[in-house]
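Letters A, B, ... are given to chains in the order of the sequence lines, protein chains preceding strands, and every chain is numbered from 1.
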Amino acid sequence: MSGVAVLLGLLIVAYVGSMLVGGRTIRGFGLPSGAEYLVLGVVVGPNVLGILPRSMVRSFEPIFVCAAAWLALIVGLSYFVVGHRRVKLGRALVGILLAALVGAAVAAALWFALGKLNLLAGYPRLELALGAGFVGCETTRHTVRWVVERHGASGPLSDWLADMARSSALVPVLGLGVLFALAPDSPLTAFTIQARLGTTAGLGVLMGLVAVVLLGREFRRDESWGILLGTSVLAAGIAARVGLAAVATLFVMGLTIAVVSPHRLDIKMMVQPTEKPVLLPVVLVAGACVDFTAMPKIWLLVAVALGARLLAELVRGVFLIALLPAARPAGPSIGIGMASTGAISLALAFTLHVRLPGPAGNAVLVLAAAGILLGELIGPAMLRRSLERAGETHAVDAIEPAPLSLARPAFSHHAGDDEHQSPFSEPPRSS
Amino acid sequence: MSGHGGAPKGIGTRLVQAIALVVTFATLYAATRLTPEIENELGTVAAIGFLLLAGTLMSELLETIGLPHLSGYLLAGIVGGPHLLHLVDHHTVDRLTPVNTLALSLIALGGGAELRVDTLRQVAKSLRYATIVQSSFVMVVMAGVFIAVSPYLPFVANIGVVPLVGTALLWGVLSISRSPSACMGILAQTRAKGPVATFSLAFIMLSDVVVVLLLAVAMMIARPMITGVGGFSMRDVEALGHELVGSIAFGTTLGLVLAAYLRLVGKQLLLVLLAIGFGLSDFLRYVHVDPTLAFLTAGFVVQNLTAQGPKLVHAIEQRGGMVFVVFFATAGAHLNLPLLKQLWPFALTLCGMRAFSTWIAARMASRWADDVPMLKRWSWSSLVSQAGFALGLSQVIARAFPTIGDGFRDLAIAAVAINEMIGPILFKLALDRAGEAHDEATQVQRTSLAPPPPAEV
């Protein structure tokens with residue numbers, strides 16, 4: 001298959017993604033994790049049909065690394081906001097800590113399993129354990145949104161879960177930054193690990209500030225796209241060139257813009273519609289890169305990682321019901337409801353697989369894919385049941401809430417918000 | 001390449017832009033010096049970001065001294081390119097070829113969509129005379145100038161009279177090629193409307209076709225003169241005919257399909273344009289159809305045979321801007337400065353004579369066509385620019401005539417480099433002087449010259 005044909009195929013996937021985000025029928029289509037595109041990727045990849053060979057994917061890797069970094073920028077930009085309201089600091093801290101706890105549990109379980117099975121040693125062992133922990137600790141914000149929109153859930157527990165899911169993205173993104181900084185083959189040989197970490201974050205802050213000052217005086221849509229794309233692609237490219245985590249750099253850049261820029265809402269609304277069109281091709285390609293023969297006994301490692309995650313999720317549920325009275329009727333199984341890993345985690349695993357090719361990187365991708373599938377099977381259903389038990393679900397037809405992504409933020413004072421268009425948005429109809 | 005419209009920018013904004021530009025250069029400079037040995041695909045990603053950001057900022061800063069945005073994009077590429085700061089290396093410039101393909105397809109599509117039959121009718125007489133005079137007079141004069149400077153050009157110094165005349169003929173054809181991309185770039189920035197803008201766009205787009213035809217004929221004539229073997233062959237003409245008819249037929253079909261999409265769906269135009277730019281360009285080359293002519297025809301069909309023209313023009317203007325910045329900045333990075341340094345006296349002579357003969361030809365054509373005064377004075381200004389199209393022609397000639405190929409191509413690169421830098425400035429200046437530009441900088445000047453508003457009572 002030629003490169004052009006692959007590119008056209010991926011553009012079609014992006015087209016489908018942009019249609020999904022553009023319509024008001026979003027509640028009727030798609031899974032919260034985007035697992036269907038992962039499965040499609042596996043099917044068209046070398047494991048099944050072989051339409052998308054790995055060598056072809058390799059030639060497009062820089063584009064997908066850049067795309068994954070762009071997704072991290074979007075996550076960073078919208079990190080402090082859930083739908084109509086700001087994320088509460090306390091909930092965010094709890095979300096981060098519990099996500100770190102889940103990640104640590106998965107990493108520890110894999111670390112010991114790898115030792116027992118004599119599979120890997122040294123940095124690859126650390127890479128696999130930590131990598132799997134990082135890509136297996138996030139809760140996709142789409143799963144909460146999915147339940148909220150389909151089942152009309154609302155209440156304190158729903159808000160808590162939405163805030164926790166949103167804040168949990170910090171752990172895998174920054175964790176990947178740490179993992180890349182620890183890599184022994186880093187091109188920045190003269191830098192200490194701390195300096196590499198500082199460079200990862202510093203570059204994001206610097207480019208974020210450049211974007212903020214350039215967009216600071218007035219917000220002009222045409223120029224804003226050039227500036228935002230220029231700064232973000234430059235930051236991602238430099239970080240990737242020097243062996244650092246472009247996703248972490250752009251996440252920090254997004255956070256910087258979200259904190260400092262007076263136009264944060266305009267920028268968020270400008271870039272938000274690009275998420276699905278960028279995400280779906282990345283997920284599909286990541287699916288095509290999944291190698292089930294990554295290393296011996298991979299299925300045992302998958303079982304260990306998923307088992308550890310489910311146990312850790314139950315512990316998360318226990319913490320939640322201890323902390324939040326509204327969660328008590330739901331029981332500890334509410335933690336299992338938070339087990340849905342998002343496509344962002346898969347994009348991170350893909351980035352790791354590209355940056356650190358080898359059995360460990362491949363295995364992390366397999367574990368991330370398995371985590372997504374398991375999370376999709378049990379996460380949303382368990383979450384819905386938990387919210388039902390907590391009395392926060394209502395008949396959706398009676399409420400008909402607008403999808404969060406389409407609703408105007410309540411605290412937006414920009415009269416012309418609807419006019420902000422992304423490159424995916426439509427030109428005004430000619431008369 | 002947007003118009004960057006809106007309120008005028010103050011000194012504070014310009015200062016911020018200058019600092020941001022320095023930070024952009026410094027950041028990539030530090031990265032390339034920290035890891036000098038790494039030249040991989042990920043460097044291409046950084047280069048795209050750098051060219052986009054630095055090009056945008058440089059164009060904003062040069063705007064303050066009246067230079068076109070296009071010069072800013074080029075300058076950003078030259079400074080960051082392989083010959084000065086080496087922030088973007090040769091391999092990276094080569095890897096950015098797909099961006100050029102996309103940009104050229106958007107330029108052709110947009111150029112075709114800007115050609116309206118009714119406006120073409122208004123300048124039809126001017127176009128007719130200009131095409132005949134520019135194509136014949138400039139070609140002959142430049143062939144003569146080439147023969148005059150040939151003793152100083154090593155690659156033709158001792159090849160004999162007949163091969164020299166053949167080579168001069170090819171140089172003459174190369175000299176009448178223009179730059180549609182530069183023309184579109186300046187028009188998009190200035191949002192110019194008027195006889196000079198209309199004539200320039202129509203003439204340059206049509207001259208593409210004329211030059212392709214003339215080159216085929218010139219190569220047919222020059223081949224036996226330069227190589228000393230073979231004769232005139234009608235197979236070249238036959239192939240060219242197929243290519244032209246195929247391009248127009250495919251372009252018409254594409255235009256109708258595109259119009260139907262715009263009418264019935266009208267969504268996700270960025271992705272559609274990407275698919276056309278990346279996917280169709282390669283396909284058209286594969287089936288020996290000229291993508292530029294096909295896209296030009298498609299844009300023309302959408303504009304003139306359907307009601308979807310404004311939608312297409314708007315979509316290309318809105319979504320193509322960033323692609324064009326990277327395209328021109330890459331062209332700047334591609335400029336071979338050492339070669340220009342080596343050949344500049346000859347290149348400058350040839351460029352100077354080309355500009356002069358273009359001016360003379362424009363005056364003659366305007367007089368015979370009885371053009372409006374503004375067109376008589378400024379119609380030549382857009383015809384100085386040369387860019388990728390001329391370089392492409394020089395590559396074709398170099399491949400077809402290996403004995404003179406390398407030297408011919410090097411001289412062409414040096415000459416195009418000069419025309420590429422000077423041409424857009426002249427065209428922008430002409431549009432400003434003709435009062436056809438409606439960009440921000442012109443508005444500021446006009447505002448400052450306007451009488452003060454009446455005082456409130």
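- Contact of Ile19(B) with chain A is not made at all, since no heavy-atom distance falls under 4.5 Å.
- Between chain A and the options Leu51(B), Thr27(B), Val272(B), the largest number of non-hydrogen pairs under 4.5 Å is found for Thr27(B).
- Of the possible polar contacts, none joining the Gln308(B) side chain to the Val302(B) backbone as a donor-acceptor pair under 3.5 Å is found.
- Evaluation of the ring pair (Phe, Tyr, Trp, His ring centres under 6.0 Å) test over residues 231-253 of chain A, restricted to residues two or more places apart or in two chains, returns Tyr79(A)-Phe251(A).
- Contact count versus chain A (heavy atoms, under 4.5 Å) is highest, among Gly309(B), Ala275(B), Gly55(B), for Ala275(B).
- Residues forming a salt bridge (charged side-chain N to carboxylate O under 4.0 Å, His left out) with Asp185(A) (at least two apart in sequence, or on another chain): Arg355(A).
- With Leu229(A) as reference, Leu52(B) is the one residue of Leu52(B), Val325(B), Ile48(B), Leu53(B) to meet the side chain to side chain contact (heavy atoms under 4.5 Å, CB included) rule.
- Only the side chain of Leu206(A) comes within contact range of chain B, with at least one heavy atom under 4.5 Å from a heavy atom of that chain.
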